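Down below is the structure, laid out as structure tokens.
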Amino acid sequence: MNMIRTILLACALVAATASQAAEQNLSGAVAARSGQKLEGVTVSAKMEGSTITTSVYTDTAGTYVFPPLPAGKYRVWAQALGFERSNGAVDCPRRGATI
């Protein structure tokens, strides 16, 4: 089976508002080993110790963007038909921390 390569671009800081002060944006891109960008791939993130999983889909350029997530350590994975599941981890720091 082919393997999905997940590229976690960064935990970008969101606009500074009181309600989002401790939240981060998680985004990235998914491509096959050949470099082909993959559209419609399910990318999921789950914070350590949480029971909630948030999932998004890649666009035509293979990119995905999660809604603002609370700062913390996340398990991230991507799944697509015909490909092996790809797993990763990311630490979205608190606002003002160095990425």
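Because only heavy atoms are used, hydrogens play no part in the values below, and waters and symmetry mates are left out as well, while side chains stay in. As the structure is a computational prediction, the values presented were derived from the model and not from experiment.
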Is the shortest heavy-atom distance from the side chain of [X] to the side chain of [Y] under 4.5 Å?
X: Val56; Y: Val65; result: no
X: Phe83; Y: Leu38; result: yes
X: Tyr64; Y: Val41; result: no

key: Asn87 side, atom CG; Arg75 side, atom CZ - distance, nearest 0.5 Å   =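 Taking CG in Asn87 and CZ in Arg75, the distance rounds to 7.0 Å.
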task = Looking only at non-hydrogen atoms, find the nearest pair between Ala45 and Leu26 and report the distance.
result =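 For Ala45 versus Leu26, the nearest heavy atoms are CB-CD2, 4.3 Å.
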request  = Provide the closest heavy-atom pair for Val30 versus Ala78 in the form atom of the first, atom of the second, distance.
outcome  = CG2-CB, 4.5 Å
Contact list for residues 45-58, test side chain to side chain donor-acceptor pair (under 3.5 Å), sequence neighbours left out = Ser44-Ser55
